[in-house]
2 protein chains.
Amino acid sequence: MARVTLQTIADRLGVSRATVSYAFSRPDQLSDDLRRRILQVADELGYAGPNAAARSLRLGRAGAVGLLFSETLAYAFADPYALGFFQGLATAAEEAGVGLLILPLPRGEKRPPPVRDAVVDAFCVVSLPDGHPALAEVLARRLPTVVVDEPYVPGHPFLGIDEPAAGAQAARHLVELGHRRVGVAMVGLHDDGRTGWADPGRQRGAVFEAMRGRRSGYEAACVSAGVDWASVPFYELSRNSRAAGREAGHALLGRTPRPTAILTNTDVLALGILDAAADLGLDVPLDLSVVGFSDSAAEEAGLTTIRQAKQEIGAAAGRLLLEPPDEPERLLFPHELIVRASTAPPRP
Amino acid sequence: MARVTLQTIADRLGVSRATVSYAFSRPDQLSDDLRRRILQVADELGYAGPNAAARSLRLGRAGAVGLLFSETLAYAFADPYALGFFQGLATAAEEAGVGLLILPLPRGEKRPPPVRDAVVDAFCVVSLPDGHPALAEVLARRLPTVVVDEPYVPGHPFLGIDEPAAGAQAARHLVELGHRRVGVAMVGLHDDGRTGWADPGRQRGAVFEAMRGRRSGYEAACVSAGVDWASVPFYELSRNSRAAGREAGHALLGRTPRPTAILTNTDVLALGILDAAADLGLDVPLDLSVVGFSDSAAEEAGLTTIRQAKQEIGAAAGRLLLEPPDEPERLLFPHELIVRASTAPPRP
DNA sequence: TTGTAGGCGTTATCAT
DNA sequence: ATGATAACGCCTACAA
């Protein structure tokens with residue numbers, strides 16, 4: 001059975017393409033009777049309805065926005081922060097009646113990401129490392145594009161939080177409690193899969209801008225409290241998982257002198273640190289204080305953390321995509337330190 | 001600045017469109033020098049690359065698969081079962097390098113879902129109620145389509161579990177422990193937002209096929225153990241949340257005689273039942289046994305549940321979408337009763 | 001109310 | 001290696 005198009009139906013009925021088109025897309029421009037006959041024949045012929053690509057080409061709009069995320073999708077669908085953001089974004093898309101095209105980023109770098117072929121009206125790019133090729137592809141499309149979290153692209157709307165300030169607030173909380181022996185565990189600094197101790201050079205060379213900022217906030221707050229940053233043990237993870245956090249915890253807590261407090265850049269990691277503390281029979285918060293980030297998995301575990309307005313950011317991104325502003329804005333959303341039971345002054 | 005197309009560049013260089021097209025899509029068909037000049041001019045002119053819709057039209061493929069889900073996206077991104085499925089599906093899409101177009105279903109019914117305009121090569125439909133208009137729209141597109149969980153559409157691949165068998169297994173577990181006073185709490189039977197007691201007529205009239213099957217399994221196992229189904233209190237929820245489960249728990253546990261066991265069709269609901277039991281000072285499992293479904297949030301709470309292979313289902317759906325089988329298959333994936341600490345024999 | 005015809009931007013075929 | 005031309009399927013002035 002050959003392909004059925006408007007023309008097929010038109011021929012069959014002895015009317016013109018335009019008439020058939022009207023029957024589908026402008027019902028009111030047609031007599032009811034003719035319209036019914038057209039739909040009838042279309043049905044008999046097995047017409048699949050106006051071709052979406054052709055329609056999109058002709059109409060100049062796609063009815064969808066593209067979403068690029070730095071991680072594998074399997075990971076993104078498991079990460080509480082990403083999910084909160086997705087919820088906000090999806091809700092905005094839903095209200096506008098547009099689809100959300102999630103584009104995979106091949107980590108293996110074998111082939112280019114399918115952004116060239118993405119039939120979309122706008123792009124949302126979330127948390128890409130500096131210089132990631134997909135970003136260039138997106139920008140080349142010259143569609144309205146908003147960036148979330150990182151990297152900042154001049155001329156395009158940006159949504160995120162004040163990372164240095166948030167990091168500083170987390171660290172300040174600890175030093176104000178009196179901690180001086182602080183350790184740090186961070187994931188997502190680099191894209192090369194390395195896990196282990198990171199010296200200051202490697203820390204500052206992080207390819208993820210937001211994490212760079214967050215870390216610099218840690219450092220600033222520590223330094224201004226008289227802590228020698230060079231002596232702060234800094235463990236870098238390549239995966240954001242509880243198990244990774246536990247590994248970092250063991251590494252950090254095995255140091256002499258043992259840190260009395262640990263900063264982490266995700267809640268999941270923080271939970272792993274708690275696991276490690278439990279392994280070692282350490283009491284939290286008496287022997288060890290732990291601070292998470294994002295308030296995603298923190299509540300039930302009683303974790304002190306920084307809360308970000310993930311859903312609001314997603315919703316705002318959606319709105320910006322759907323009606324691009326004249327002036328690209330750089331929107332910094334509020335964050336908040338949530339103090340729970342995982343932090344306390346160090347033992348005297 | 002007017003729109004830049006292949007022709008614009010061709011004119012500028014005095015070459016033909018085809019040549020310019022080659023520069024982008026068939027680099028090897030062109031002399032290196034000319035190609036460079038073309039790309040150079042394209043860049044100067046601000047060419048956005050080959051138009052995706054036009055390409056899709058010409059090529060006859062979209063590089064994306066469409067996904068329709070019955071719930072709000074905000075809900076879907078919070079539901080553990082849905083997320084597990086998404087992970088599997090997304091991974092398959094990722095490996096194939098195709099995008100995943102998530103289509104919103106307007107609950108308000110104001111306008112048709114944007115499936116007509118979805119530029120995709122295939123559709124995946126998940127858990128739609130009987131007769132939902134979006135399904136008809138999808139089928140009208142005559143693209144490869146797979147259905148997950150419900151409803152079964154003859155002629156199209158179907159993926160899910162054997163719902164009646166799974167339901168029966170959950171219920172049999174309880175009756176074999178000796179329970180005879182069983183209560184049921186189920187969400188997602190109907191689409192009308194009702195919450196409250198459901199008589200057998202309303203139970204059987206559920207518009208969600210999978211839930212209908214699951215419930216019939218409950219009934220079959222109970223009846224064959226000599227339980228009078230008509231006397232089984234059955235509480236229906238419109239939202240799958242812990243709070244809803246708690247409400248159902250209070251309703252069910254307020255009955256005289258009090259049930260010694262409660263069946264629920266989601267883990268989230270089961271957690272709410274546990275909350276209600278705690279409110280009433282009841283010991284689980286001594287005073288009350290509770291069975292969940294899906295093994296999504298069950299482990300930490302020690303919940304007895306039915307585990308479904310959600311990720312496998314998602315992955316299989318992805319494969320089926322990417323290369324449609326000759327014969328539409330009806331694939332039933334295994335489920336498994338996981339017995340944990342929420343079930344025990346009733347008090348003598 | 002319906003028909004005509006041009007063009008949306010690209011790629012494939014067949015020349016040269 | 002490059003050019004001319006014809007689809008791909010549809011929508012929309014405009015004309016009738």
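Chain letters run A, B, ... following the sequence lines, proteins first, then strands; residues in each count from 1. No experiment lies behind these values; they were computed from the predicted model shown.
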Overall bend - the helix from C:dT1-D:dA16 to C:dT16-D:dA1, comparing terminal axes fitted on five pairs, nearest 10 degrees: 30°
Reported [atom1]-to-[atom2] distance for the pair [X] and [Y], which is rounded to 0.5 angstrom:
X      : Y      : atom1 : atom2 : answer
B:S31  : B:R37  : OG    : CZ    : 7.5 Å
A:E94  : B:L105 : CD    : CG    : 8.0 Å
A:R58  : A:S25  : CZ    : OG    : 11.5 Å
A:F333 : A:D149 : CZ    : CG    : 10.5 Å

Donor-acceptor contact present, side-chain B:R116 to main-chain B:E137, <3.5 Å: no
Donor-acceptor under 3.5 Å (A:T91 side chain, A:Q87 main chain): yes
Verdict with supporting geometry, B:Y152 and B:V147, side chain to side chain contact (heavy atoms under 4.5 Å, CB included): CA-CA 7 Å; B:Y152 175 60; B:V147 181; over 6 Å; no
Residue list, ring pair (Phe, Tyr, Trp, His ring centres under 6.0 Å) with B:Y47, at least two apart or on another chain: B:F24
Residue pair A:N240 / A:Y81, side-chain donor-acceptor N/O under 3.5 Å: no
Distance-only side-chain donor-acceptor flag, B:R17 / B:T5, under 3.5 Å: no
Protein-to-nucleotide contact annotation, 5' to 3' order, nucleotides 6-16 of chain D [B base; S sugar-phosphate only; - none; under 4.0 Å, heavy atom]: BBBBBBB----
Ring centers of B:F69, B:F86 separated by less than 6.0 Å: yes
Nucleic acid contacts of residues 30-38 of chain A, taken as heavy-atom distances under 4.0 Å to DNA chain C: A:L30, A:S31, A:L34
Residue pairs, two or more places apart or on separate chains, that pass salt bridge (Lys or Arg N to Asp or Glu O under 4.0 Å) and touch residues 315-330 of chain B: none
Range on DNA chain C touched by chain B, heavy atoms, distance below 4.0 Å: C:dG9 to C:dT13
